[in-house]
Amino acid sequence: MMSIAARSGAITPYMQATKQTVKSLLSPGVKTLVPAAAPGGVRLSHTDIKIPDFTDYRRPEVTDPNKSSQGSSEGRRTFSYLVTGAATVVGVYAAKTVVSQFVSSMSASADVLALSQIQVKLGDIPEGKNVTFKWRGKPLFVRHRTEKEIAAEEAVNIAELRDPQHDNERVQKPRWVIVLGVCTHLGCVPIANAGDYGGYYCPCHGSHYDASGRIRKGPAPLNLEVPFYEFPDEDTVVVG
């Protein structure tokens, strides 16, 4: 106990200095803190902090406390609006340019567009015959129907069809049937002028189509697809 009391005597000056500092903070009317001298004449480091001076970085028109800075503030605000508006216009124009170039890069090139269409001379196809062309990597059937085939397909009761569609809905001109030669079952290529209905027959799984390309028998669920086409003149058809 004596040794502890003896050692506590060395801490007494520090405790007194702390007490005096706290007392000066709590005393009413004290505006500034006067640091108490620490033992040994050493000043505390936090009492030497200097307030930085930013005068060199301030505008001359705002350094004078007797001069109003309202005009300068309005000018800066107007300048900020002008800069923001100009930056917005430039940003919108740049974004529009980037989007336009991106969309243009995704569009088909001239050679691809050329392959997307095929022109067929109808005068080269005899009546009652079917000619196969290659279009977009798929077989294209162009059939020149006879008057007998036209009458037979127009007389079909569409209520009996698996994929009901009248012959008039599948042709633009009764003499010409234009369909994709891809079976709607598993994508095989049917044989023209064959089958139980004299139209198209798929030997892979036994699907029978009539002369209008409509499914009549077999596992195929849909009629042969009719692509987009138009007749620029009486002897030419453009598919695609």
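Every value quoted in this text rests on a predicted model; they were computed, and no experiment measured them.
A side-chain donor from one of R143 and N193 sits under 3.5 Å from a side-chain acceptor of the other.
Between Y197 and H208, the ring planes are perpendicular. Angles over 60° get that label, and only those under 30° would be called parallel.
The shortest side-chain heavy-atom distance between V99 and K96 does not fall under the 4.5 Å cut-off. At least one side-chain heavy atom of Y93 sits less than 4.5 Å from a side-chain heavy atom of T97. Between P221 and D163, the closest side-chain pair of non-hydrogen atoms is not below 4.5 Å. Side-chain contact between I118 and K134 is absent, with no heavy atoms from C-beta onward closer than 4.5 Å.
Salt-bridge formation is detected for the pair D196/K217: a Lys NZ or Arg NE/NH1/NH2 atom is positioned less than 4.0 Å from an Asp or Glu carboxylate oxygen.
Here the straight-line distance linking atom CG of D210 with atom CD of E149 works out to 10.0 Å at 0.5 Å rounding. Separating the CZ atom in R175 from the CD1 atom in I125 is a distance of 11.0 Å, to the nearest 0.5 Å. Considering OG of S212 and CD of E169, their distance stands at 9.5 Å, rounded to 0.5 Å. Of the inter-residue distances, the one linking L140 atom CG with Y229 atom OH reads 10.5 Å to the nearest 0.5 angstrom. From L161, atom CG reaches atom CZ of R216 across 5.5 Å, with rounding to the nearest 0.5 Å. In this structure, CD on Q119 lies 14.5 Å from CH2 on W135, to the nearest 0.5 angstrom.
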**Prompt:** Which is it for D167 and R145 under the salt bridge (charged side-chain N to carboxylate O under 4.0 Å, His left out) test, yes or no, and what are the steps along the way?
**Reply:** CA-CA 12 Å; D167 182 70; R145 295 192 300 185; 2.9 Å; yes
**Asked** Given R170 and Q165, is the side-chain hydrogen bond (donor to acceptor under 3.5 Å, both in side chains) satisfied, shown in steps?
**Response** CA-CA 8 Å; R170 298 180 55 81; Q165 197 172 19; 2.9 Å; yes
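Side-chain heavy atoms closer than 4.5 Å link hydrophobic residues (I, L, V, M, F, W, Y) into clusters, and following such links, possibly through other members, connects V171 to I215. A single hydrophobic cluster is not seen to contain both I150 and V179; linkage of ILVMFWY side chains at heavy-atom distances under 4.5 Å, directly or through other members, places them apart.
Residues N130 and A192 come closest through the heavy atom pair ND2-CB, 3.5 Å.
Summarising the local packing, CD of E234 is surrounded by 12 or fewer heavy atoms from other residues, nucleotides or ligands at distances under 6.0 Å. Taking a 6.0 Å sphere around NZ of K138, one finds it holds 12 or fewer heavy atoms contributed by other residues, nucleotides or ligands.
Between F141 and Y200, the gap from one ring centroid to the other is short of 6.0 Å.
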